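Owing to the predicted nature of the structure, the values given are computational and were not obtained by experimental measurement.
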Amino acid sequence: DEAVAAKLPLLNSMTLATVSAAGQVSARIVLLKGVDARGFVFFTNYESRKGDELAANPHAALLFHWVELEREVRIEGRAEKVSAQESEEYFNSRPLGSRHAAIASPQSKVVASRAELETRFTEAEKLGDAPARPARWGGYRIVPAALEFWQGRPNRLHDRVLYTRAGDNWKLERL
């Protein structure tokens, strides 16, 4: 709510960190599209690098960093795919061009040229105003096992509060 009140740009952007089957860590920015008691939701191509990594190792971390507020929220947990219905609903709520792009883009895969990508997009546009969601595209929910809240303070004597899941409850510790 405070990030919204501060009118921060792209306040729902978050870093997603994943680990490959070989142990290689990678990170990228994704957009938070839902949050509830079950976890934090984003959408992507399941065949992208992040999708491949989450299939091999479902442990992931999210990081929100709001520089203007000197605040971070860090989440660690396990990724699970959202239901096909949730993916359908979100896909159909997206701007038409974004739906066509999701169909056209072989995310994280090599393409010969920008022209090839634009040709694929033109072909996707021919699907009309209600294109079907590709099976390779949908959402993930990060089910949190730990949440850390960081608040910057003078003299670098910051506040850090960590919540870790303890069965059906949460354990609170100050770091």
Side-chain angles (χ1 to χ4, degrees), residues 10-66 72-94 98-121 123-124 131-150 160-171 173 175:
L10 290 173
L11 60 99
N12 64 326
S13 66
M14 57 189 182
T15 301
L16 167 67
T18 56
V19 180
S20 72
Q24 178 61 49
V25 177
S26 63
R28 77 287 288 150
I29 302 297
V30 297
L31 299 178
L32 176 71
K33 292 299 181 176
V35 62
D36 60 25
R38 297 172 295 167
F40 301 81
V41 177
F42 66 93
F43 293 85
T44 190
N45 184 321
Y46 291 141
E47 296 174 358
S48 66
R49 179 176 177 182
K50 67 184 112 19
D52 291 344
E53 290 173 350
L54 291 171
N57 180 348
H59 298 283
L62 301 172
L63 175 66
F64 293 91
H65 183 205
W66 298 306
E72 289 183 358
V73 177
R74 193 172 58 81
I75 299 132
E76 294 177 359
R78 187 173 182 85
E80 59 183 34
K81 287 182 179 178
V82 303
S83 70
Q85 180 180 343
E86 286 177 86
S87 291
E88 289 286 338
E89 288 172 3
Y90 180 71
F91 184 79
N92 291 327
S93 76
R94 300 178 84 205
S98 296
R99 286 180 275 161
H100 289 144
I103 292 165
S105 176
Q107 195 177 81
S108 302
K109 306 295 187 258
V110 174
V111 293
S113 65
R114 177 70 193 188
E116 177 190 337
L117 192 57
E118 289 175 2
T119 297
R120 293 174 65 108
F121 183 80
E123 290 301 311
R133 175 183 65 91
R136 70 176 187 275
W137 192 96
Y140 286 100
R141 177 177 287 105
I142 304 299
V143 179
L147 298 108
E148 181 181 332
F149 298 88
W150 176 90
R160 291 176 65 195
V161 178
L162 175 66
Y163 290 85
T164 51
R165 193 173 293 278
D168 291 337
N169 297 310
W170 290 91
K171 178 182 173 185
E173 298 173 294
L175 304 178

Could you grab the distance from atom [atom1] of [X] to atom [atom2] of [Y], nearest 0.5 Å is fine?
X	Y	atom1	atom2	result
R114	T119	CZ	OG1	10.5 Å
E86	R141	CD	CZ	4.5 Å
R136	E47	CZ	CD	6.5 Å
F40	I142	CZ	CD1	10.0 Å
L31	M14	CG	CE	7.5 Å
W170	Y163	CH2	OH	10.0 Å

May I ask you to test the [X]-[Y] pair for a side-chain heavy-atom distance under 4.5 Å?
X	Y	result
R133	N92	no
F64	L32	yes
Q107	T44	yes
R160	F149	no
R120	S105	no
V111	P106	yes
P58	E80	no

With sequence neighbours left out, the residues meeting ring pair (Phe, Tyr, Trp, His ring centres under 6.0 Å) with F42 are Y140
**Message:** Check for me whether the distance between the ring centres of W137 and Y46 falls short of 6.0 Å.
**Reply:** no
- prompt: After noting the C-alpha distance and the side-chain angles of T18 and R28, does the key distance pass the side chain to side chain donor-acceptor pair (under 3.5 Å) rule?
  reply: CA-CA 9 Å; T18 56; R28 77 287 288 150; 3.0 Å; yes
Looking at R74 and E76, is there a salt bridge between them, counting it only when a charged N and a carboxylate O are closer than 4.0 Å?
yes
Do E173 and T164 meet the criterion of a side-chain donor-acceptor pair at a distance under 3.5 Å? no
Next on the checklist: Using 30° and 60° as the class boundaries, would you call the ring planes of W150 and H65 parallel, tilted or perpendicular?
Outcome noted: perpendicular
